[in-house]
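Atoms considered below: every heavy atom in the structure, side chains included; atoms not considered: hydrogens, waters and symmetry mates.
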Amino acid sequence: MDFKKDFASILHEVLDGKLDQDKLTLMIEKPRFEEMGDLAFPCFELAKVFRKLPQIIAADIAAEIKSPLLEKVEAVSGYVNVFLNKHKVSSLVLKEVLILKEHYGDLNLGKNQLITVDFSSPNIAKPFSMGHLRSTVIGNSLALIAEKYGYRSVRINHLGDWGTQFGKLIVAYKKWGKEETVKQQPIKELLKVYVKFHEEAEKDPSLNDEARRWFKKLEENHDEAMKLWEWFREESLKEFSRIYQLMGIKFDSFHGEAFYNDKMDQVVHLLENMNILQESEGAQVVPLEGLPPCLIKKSDGTTLYATRDLAAALYRQDTYQFAQSLYIVGNEQSLHFKQLFAVLEKMGYQWVKGMAHVPFGMMLKDGKKMSTRKGKVVLLEDVLQDAISLALGDIKQKNPDLPSKEEVARQVGTGAIMFHDLKNFRQNDIEFSLEDMLKFEGETGPYVQYTHARASSLLRKGEYQENQAEVSISDTEAWPIIMNLTIFPQAIKRAFEENDPSQMAKYVIELARAFNKYYASVRILEDDGHKQERLSLVYSVKVVLKEALRLLGLEAPEEM
């Protein structure tokens, strides 16, 4: 339901088709103040077309507009301001939400095509730090939004499970690690010896040569090296899975870097056969227009990230035949992805047009990037557990009789951390602040979750009787809620097309605010013959809040 489009259609007719309807839709604005109307059309661009003052054009248009959808039309300072028919619009909106329920806002724009979303991708044998939160929650939300948009999502966790760091880790473990300690606390112990390796290597650079030798053994399938690598990978995955489960995040594939080891030679042969590989100072590169050449093979014969990502892209297209493919990876990798897409284009693959890098800013600590190498890392699981404990304490204090306290505390605690990230525009850096993340009031996940619980409680107390017959609401106080409900499908569309979950977070905050304002000013449960109508509005808010939270990866408790 898009009243902006409806208004554009009315304007198109009044203007005798002189302006394209899509252009008219884009020109329509939402007035800054409610008393100025629900929608406004600026007439300044039409001054050249009609050779009249915008104020006169606005007055002419306003005089000609007649529609049962509109209650009032005004010409003010070169704008045509329209007030929607509250009775008619509320009836249409509520009926649609009541019939469609959680499918309200479903778009069929993806046409059931497939989209791959590559996100999270932590490094094996390193802790799941706050630095990995951004890719994880942004990617998870975009996969959910893509499904709402009409795609089928394949969630890929491209694990960092290969590379020279494993040579360093093997050396560190053999020198300072203890099997028993690693078995008890695998990731924490492996991080400890990994940090020690870097400290010792600064004093004794020969350690780096030893690490290179061990990584070479790993590449040659050396028995001891492979056993250690497999053990590190298995222990890491157990730890990661526990964190993903806590956050309610699932994946369809855990194929990491190592999976493509036997697929890279094929890429090199392909590039050679296409005559687009050139030698440069002993290395193999693909020259690119307007970009630095893409390094495919070093002079010592080793392949690089680009080779591996080319192999991954070819494998994914071959396996999934994706229409779109998103890589949720930090800003610092922008050049790498530009080169990757440019090489695929040079190889003649048309499907590269559906590929996109979705960059995001860093999670900073004291203004600096968190570094695993230096041990300056905040563990995500610790932050999640702190948030859950705080939520549990809050529940015990305010609602001690609440059943399943622990489960609600998990939903609220993890919701606080995830929402805090997602409400920020993804390109912005975020300063890590546990205090800000654990705030449960203001623009937070728990505030929206509490609004959902409040709506659920009203429905129980008011003994809501679901009725899909025509329902309209006469309260003027309800109008901001109705207007918020109408724009839910547009918020989904914008969030997907701009790869920006913060659009959904902003939307859900606005809806929660509008509802809480209504709750404070109207006696919803008063038995005056209109209670069930008001409860239909409450039910519609509950449905949309829950669905919008789900698209952000958050759960919506019935009680808090």
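- Salt-bridge check for Glu547 with Arg550: passed, with a basic side-chain N closer than 4.0 Å to an acidic carboxylate O.
- Comment: Arg155 engages Glu147 in a salt bridge, judged by a side-chain N to carboxylate O separation of less than 4.0 angstrom.
- With salt bridges taken as basic N to acidic carboxylate O contacts below 4.0 Å, one links Lys493 and Glu497.
- At a cut-off of 3.5 Å, with distance as the only test, no side-chain donor of Thr136 or Tyr244 sits close to an acceptor on the other residue.
- Taking a cutoff of 4.0 Å between a charged side-chain nitrogen and a carboxylate oxygen, Lys23 and Glu45 qualify as a salt bridge.
- Electrostatic pairing of Lys297 and Glu272 does not count as a salt bridge here, judged by no charged N lying under 4.0 Å from a carboxylate O.
- Between Arg426 and Asp421, none of the side-chain N atoms (NZ, or NE/NH1/NH2) sits under 4.0 Å from a carboxylate O, so this pair counts as no salt bridge.
- Atom CD of Glu13 has 12 or fewer heavy atoms from other residues, nucleotides or ligands within 6.0 Å.
- Taking the ring axis of Phe7 as reference, the NZ or CZ atom of Lys5 does not stay both within 45° of it and closer than 6.0 Å to the ring centre.
- Between Phe337 and Tyr327, the ring center distance clears the sub-6.0 Å criterion.
- For the residue pair Lys353/Gln350, the side-chain donor-acceptor check at 3.5 Å is satisfied.
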Inset, instruction - With ring pair (Phe, Tyr, Trp, His ring centres under 6.0 Å) as the test, would you mind laying out the steps for Tyr173 and Tyr194 before giving the verdict? - result: CA-CA 8 Å; Tyr173 171 72; Tyr194 183 75; over 10 Å; no
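- No hydrogens or angles considered: nothing links the side chains of Gln324 and Gln113 as a donor-acceptor pair under 3.5 Å.
- Remark: aromatic rings of Phe119 and Phe251 are close, center separation under 6.0 Å.
- A salt bridge links Glu224 with Lys174: the distance from a Lys NZ or Arg NE/NH1/NH2 to an Asp or Glu carboxylate oxygen falls below 4.0 Å.
- You'll find the ring centres of Trp162 and Tyr305 outside the 6.0 Å limit.
- Comment: Glu230 does not engage Lys227 in a salt bridge, judged by the lack of any side-chain N to carboxylate O separation of less than 4.0 angstrom.
- Checked against ring pair (Phe, Tyr, Trp, His ring centres under 6.0 Å), Phe496 has the following partners two or more places apart in sequence or in another chain: Tyr149, Tyr151.
- A donor-acceptor contact under 3.5 angstrom links the side chains of Ser325 and Thr116, judged on distance only.
- The aromatic ring centres of Phe488 and Tyr507 sit less than 6.0 Å apart.
- Electrostatic pairing of Arg242 and Glu381 counts as a salt bridge here, judged by a charged N lying under 4.0 Å from a carboxylate O.
- Annotation: Phe254 is not in aromatic contact with Phe240 [ring centroid separation under 6.0 Å not met].
- Ring geometry for Phe128 versus His132: interplanar angle over 60°, hence perpendicular rather than tilted (30 to 60°).
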